[in-house]
Amino acid sequence: MAEEKELRYDPALIEPKWQERWAADPALYAAEPASCGKPKYYVLEMLPYPSGQLHMGHVRNYSIGDALARHMWMRGYNVLHPMGWDAFGLPAENAALKNNTPPREWTLANIAAMKRQMQRLGLGYDWATEVTTCLPDYYHWNQWFFLRMYEKGLVYRKQSKVNWCPECATVLANEQVVDGRCWRHDDTIVEQRNLEQWFFRITAYAQELLDGLDKLDGWPEKVRTMQRNWIGRSEGTEVDFTVEGSGEKIRVFTTRVDTIFGATSVQLAPEHPLITAFAAADAALKVKVDELIEEQKKAKEAGDVGAIEKHGVATGRFALNPYSGERVPVWVANYILMDYGTGAIMSVPGHDERDFEFATKYGIEIRRVIASADAASEEPALPFTSEDGVLVNSGEYNGLSCAAAEKKLQDVAAGKGFGKATVTFRLKDWGVSRQRYWGTPIPMIHCERDGLVPVPDEQLPVVLPPQIEITQQGGSPLGRVPEFVNVTCPKCGGAARRETDTMDTFVDSSWYFYRYTDAKNAGQPFDPAIAGYWFPIDQYIGGVEHAILHLIYSRFWTKVMRDLDLITNDEPARRLFTQGMVIKDGAKMSKSKGNVVSPDDMVARYGADATRMYALFAAPPDRDLDWQEDGVAGVSRFLGRVWRLAMKYAPVAKAGQAGAPQELNGGAVKLLRKLHQTTAKITQDFEGRWHFNTCVAAIMELVNDLQAADAQLAAGEIPAPVVRELLRTLVLLLAPFAPYLSAELWAELGEAGDVLRAPWPVSDPALAKEDELEVPVQINGKLVTVVRVAADASPKAIEAAALADEKIQARTAGKTVAKIIVVPGKLANLVVK
RNA sequence: GCGAAAGUGGCGGAAUUGGCAGACGCACCAGACUUAGGAUCUGGCGGGGAAACCCAUGAGGGUUCGAGUCCCUCCUUUCGCACCA
């Protein structure tokens, strides 16, 4: 009975034991200083929001990162594998409202709970570098950066229309509005409000952020494309049309100035200041304009701005084309956006689909000004939007190609001062003010005498008041705390008001990975020398949902820090990997769908190793993963087979430690061959392909082979040193995926030290090589049979073997073999007529 | 509408360069051991057929000795963008 009990794999017995040992030995997962002499490797997973519960998406993300980190440790690298908490944000305030718990307490309790979950999963983090963004020793540096950026003109304050989420009761950045809805509440429509707000001048880096994407070849093309779209660079021309009578200028932006002789109207956005002025003098127009504004707003809220029907109204005013002097009507239209370009366009219905649609509807003249470049061909139908053509009906510019005309027209405009070549970006400055309590206080003071006064560095950090009543009413909660608000002006010493907005939490996550390199530094955000050693990040791993948000802010912040001479790298991460979602029953796991699987349940039932290994086994890491609990049970059974096998033959393996090399029999050769093939396969995958699902499958195959050889093993037919190599290497291969079981078996095999410090096995190609091959033989491309030949058999020998085969002879009898194709090592194909 | 990725057994998935389709696992079936089994072990498991064989990777065409893989047309799903002038 005793032996039987010993042969049961029980993760509940193994895992807590090692968890305790690892907790007592923080050096195991600790990064070493640069002086260690090893090559460095920085592997980073996106830090979680401390909701209090890890979800399966985290488990998957962290299992991938941990496997990589463990592999790199075994490869002899100095690995930095840190973890932290994106700890500011609204849920803490909501929880405070609901449970009357202070946000700080709630957050810190959640962090403790999630840290326990991570430790239970056996994730190998360097907790000495832990970063918690809601603590003053971290957000101090948010404030410090804010002031440095203010000094460089990268922070400014302006009154503008901003996105307001009624649910969050705060302002959102453009990036945080998805289809007119809040990124955190996809059923909450974002409103537009006019407010005075703080902005980061991310547009100053628009061109560099765009250019840098070309060099980020370790990032998924998908993410790069999304960022390119978001930045939205567009080259064109600005041209002034003059309002007839008043002489006011309407500046339009166009990418097709070559078509300007075809402009038969000028179209303005309903919110264009000139329209506001026109409407003020024309009550009937005002009614129409207000309707258009309302319509645009509704479309924006519905998220289908592109789908609304185009319409507009003539203002009764006219404007003059600066090139031709032609008089064209000024319209206001619902398809013109105030926040792109200049909020005004020249409408060229002959050469633009949208203008064509509009002009057709309202009977505005449609004129051809671009003809086919090939004079012999028929004129293409309008609207003709190609830039491959020549100008017609364009006065002195007739006959020029589109490209040549654009250049010439731009020169003329610049020369005469009514326009210029220009570049427009869709990217807008990053609005960072939030009217919330649980965030980094913005370190500015409003003084009636001195205006905006930065908080002096020596007064940082501006600490959040700990006790504050959280309510749902609008406005910054900090504004209701007199001891926070009332300060003396650093300049004049008079009474002043402290800024009460806090920073967007994306500020926190824009640079946290730099802080990891020097997390305890009290005098600066980090030591540039230490960050210089670790950066750039070698591998960043996270969800694709941050392709625009976090990942563009982080790139911006890196460039700012570089320009502050804190770092020398231009980009934060050399390689980025975006893992797929975890879904269940065809839908993303979510509370509302009731299909959430708790990591704690999985760990309690099957152990951390099985849970993690299933997360890697069930699908390739970049694809969505369908969570099936039976699959976890399957992995758990597999780990049980490994355990029993290793325990059964551990004594033989130990005896093999002293064993001398000896003559190998066929069984041993076959097992060693499989072992070395498996080693090669897994090593290769870690080097780039990352199909960890097939790595786990390969280990399963190896174990199946070992199990099939059980009789030989039991009879002692496999020499002890071979048994030792087999089991030892099996445990090493398993170590990145199942850390607990590997640690346990490593000790059971009598190996000294931690398996994490053992060198990664090296595959010997000579041992991995097959000596005999099964070569499929086809007739006319269809498989007929398989012949066994030596691995190094010549094409001639394979051909001979194929022709000698009974089945082949039967099938070719009486027919002509026209041709024989032999691919050495692969197959033979007979073309038979 | 534009762009990208994907579509393979009952299910998750494999097939890295055009070369034995279905590795590995789940589920299921049969058997062994057992007082018992959510344990373990052995075998089976795409479809048709008694078999020889035939058919099969979303659909249809093509290139090739040979196509899941390359090309063309179409369908479906997911994701991103969407009056950006």
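All values reported here derive from a predicted model rather than from experimental measurement. These numbers come from the heavy atoms of this one structure, side chains and all, not from hydrogens, waters or symmetry mates.
Between V332(A) and the options V289(A), V266(A), I293(A), a side chain to side chain contact (heavy atoms under 4.5 Å, CB included) holds for only V289(A).
With C1' as the reference atom, rU8(B) and rA14(B) are 10 Å apart, rounded to whole Å. The separation of rA15(B) from rG68(B), taken at their C1' atoms, amounts to 9 Å, rounded to a whole angstrom. One P atom belongs to rC28(B), the other to rG19(B), and the distance between them is 35 Å to the nearest Å. When the P atom is used for both rC24(B) and rG46(B), the distance is 13 Å, rounded to whole Å. Using C1' as the reference atom, rG13(B) and rG7(B) are 13 Å apart when rounded to the nearest Å. Comparing the P positions of rA67(B) and rG58(B) gives a spacing of 15 Å, expressed to the nearest Å. Nucleotides rG44(B) and rG25(B) place their P atoms 13 Å apart, quoted to the nearest Å. Rounded to a whole angstrom, the distance from the P atom of rA85(B) to that of rC72(B) is 29 Å.
With both pairing distances under 3.5 Å, rG25(B) is matched to rC11(B) as a Watson-Crick or G-U wobble pair. Checking rA85(B) for Watson-Crick or G-U wobble geometry (two distances, each under 3.5 Å) identifies no partner in any strand. Figure legend. rA30(B) is base-paired to rU42(B); pairs are counted as Watson-Crick or G-U wobble with both atom distances under 3.5 Å. The pairing partner recorded for rU57(B) is none, the criterion being a Watson-Crick or G-U wobble arrangement whose two distances lie under 3.5 angstrom. Across every strand in view, rU64(B) sits unpaired, with no contact that passes the Watson-Crick or G-U test at under 3.5 angstrom. Remark: rA5(B) base-pairs with rU77(B); criterion is Watson-Crick or G-U wobble with both hydrogen-bond distances under 3.5 Å. Across the strands present, rA51(B) finds no partner; the criterion is a Watson-Crick or G-U wobble pair with both atom distances under 3.5 angstrom.
Rounded to an integer number of Å, the gap from N780(A) CG to rU64(B) P is 15 Å. Taking atom CE of residue M613(A) and atom C1' of nucleotide rC26(B), one finds them 15 Å apart after rounding to whole Å. To the nearest angstrom, P of rA85(B) lies 11 Å from CZ of R426(A). rU77(B) atom C1' lies 12 Å from atom CD1 of I583(A), rounded to whole Å. Remark: C1' of rC24(B) and CG of D630(A) are 16 Å apart, rounded to the nearest angstrom. The NZ-P distance, from K361(A) to rC83(B), rounds to 17 Å in whole Å. Going from atom CD of Q227(A) over to atom P of rC81(B) covers 12 Å, rounded to whole Å. M226(A) places its CE atom 6 Å from the C1' atom of rG80(B), with the value rounded to the nearest Å.
Both G631(A) and T225(A) lie near RNA chain B, and the one whose nearest nucleotide falls closer to the 5' end is T225(A). Residue order along RNA chain B, read from the 5' end via each residue's closest nucleotide, puts Q778(A) first among T254(A) and Q778(A).
Under the 4.5 Å side-chain criterion, counting only non-hydrogen atoms from C-beta, R555(A) is in contact with L213(A). In this structure, E295(A) and H311(A) have side chains that are in contact, with non-hydrogen atoms separated by less than 4.5 Å. Here the side chains of L734(A) and M613(A) are in contact, with some heavy-atom distance below 4.5 Å. Using a 4.5 Å heavy-atom cutoff, the side chains of I260(A) and V348(A) are not in contact.
Using modelled atom types, one side-chain atom of R256(A) and one backbone atom of T385(A) make a donor-acceptor pair closer than 3.5 Å. Side chain of N829(A) to main chain of G781(A): a donor-acceptor pair is present (N/O by atom type, distance under 3.5 Å, no hydrogens or angles). Looking at D609(A), its side chain does come within 3.5 Å of a backbone N or O of L741(A) through a donor-acceptor pair.
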Take E629(A) and K584(A) through the test salt bridge (charged side-chain N to carboxylate O under 4.0 Å, His left out) and record every step on the way to the result. CA-CA 10 Å; E629(A) 191 173 328; K584(A) 179 145 195 295; over 6 Å; no
For V777(A) and D805(A): C-alpha separation, side-chain torsions, deciding distance, then whether side chain to side chain contact (heavy atoms under 4.5 Å, CB included) applies. CA-CA 9 Å; V777(A) 182; D805(A) 184 86; over 6 Å; no
Is there a salt bridge (charged side-chain N to carboxylate O under 4.0 Å, His left out) between K796(A) and E799(A)? Walk through the geometry before answering. CA-CA 5 Å; K796(A) 269 243 149 68; E799(A) 186 179 321; over 6 Å; no
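Of the candidate nucleotides rG66(B), rC20(B), rC53(B), rC20(B) has the atom nearest to the side chain of E774(A). When distances run from any side-chain atom of R811(A) to the nucleotides rC53(B), rC81(B), rC20(B), the shortest one goes to rC53(B). For I821(A), taking side-chain heavy atoms from C-beta onward, the closest of the listed nucleotides rA82(B), rC65(B), rG80(B) is rC65(B). The side chain of Y335(A) lies closest to rC83(B) when the candidates are rC24(B), rC20(B), rC83(B).
Under a cutoff of 6.0 Å and an axis angle of 45°, K310(A) and F358(A) do not form a cation-pi pair.
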Protein and nucleotides 43-49 of chain B: nitrogen or oxygen contacts under 3.5 angstrom:
none

Nucleotide N/O of nucleotides 33-40 of chain B paired with protein N/O under 3.5 Å:
| residue | atom | partner | partner atom | Å |
| --- | --- | --- | --- | --- |
| rU40(B) | O3' | R644(A) | NH2 | 3.4 |

Below 3.5 Å is the cut-off: list the nitrogen or oxygen pairs between protein and nucleotides 11-15 of chain B, distance only.
| residue | atom | partner | partner atom | Å |
| --- | --- | --- | --- | --- |
| rC11(B) | O2' | Q628(A) | NE2 | 2.8 |
| rG12(B) | O2' | A618(A) | O | 2.7 |
| rG13(B) | O3' | N693(A) | ND2 | 3.3 |
| rA14(B) | OP1 | N693(A) | ND2 | 3.0 |
| rA15(B) | OP1 | R689(A) | NH1 | 3.1 |
| rA15(B) | OP1 | R689(A) | NH2 | 2.9 |

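A salt bridge links K648(A) to D710(A): one of the charged nitrogens lies within less than 4.0 Å of a carboxylate oxygen.
One N or O donor and one acceptor, one from the side chain of N829(A) and one from the base of rC65(B), sit under 3.5 Å apart. A donor-acceptor contact under 3.5 Å links the side chain of K310(A) to the base of rC83(B).
For K782(A) and rC55(B), the shortest distance from a side-chain N or O to OP1 or OP2 is below 4.0 Å. For the pair N704(A) and rG25(B), the criterion of a side-chain N or O lying under 4.0 Å from OP1 or OP2 is met. Contact check, S234(A) against rA85(B): a side-chain N or O comes under 4.0 Å of OP1 or OP2.
When heavy atoms are screened at a 4.0 angstrom cut-off, G634(A) is found touching the sugar-phosphate backbone but no base atom. Counting any heavy atom pair closer than 4.0 Å across all strands shown, I336(A) reaches a base atom.
With its glycosidic angle more than 90° from 0, rG44(B) is assigned anti.
Note: W643(A) and Y9(A) have tilted aromatic rings, judged against thresholds of 30 and 60 degrees for the angle between ring planes.
The aromatic ring centres of F692(A) and F686(A) sit less than 6.0 Å apart.
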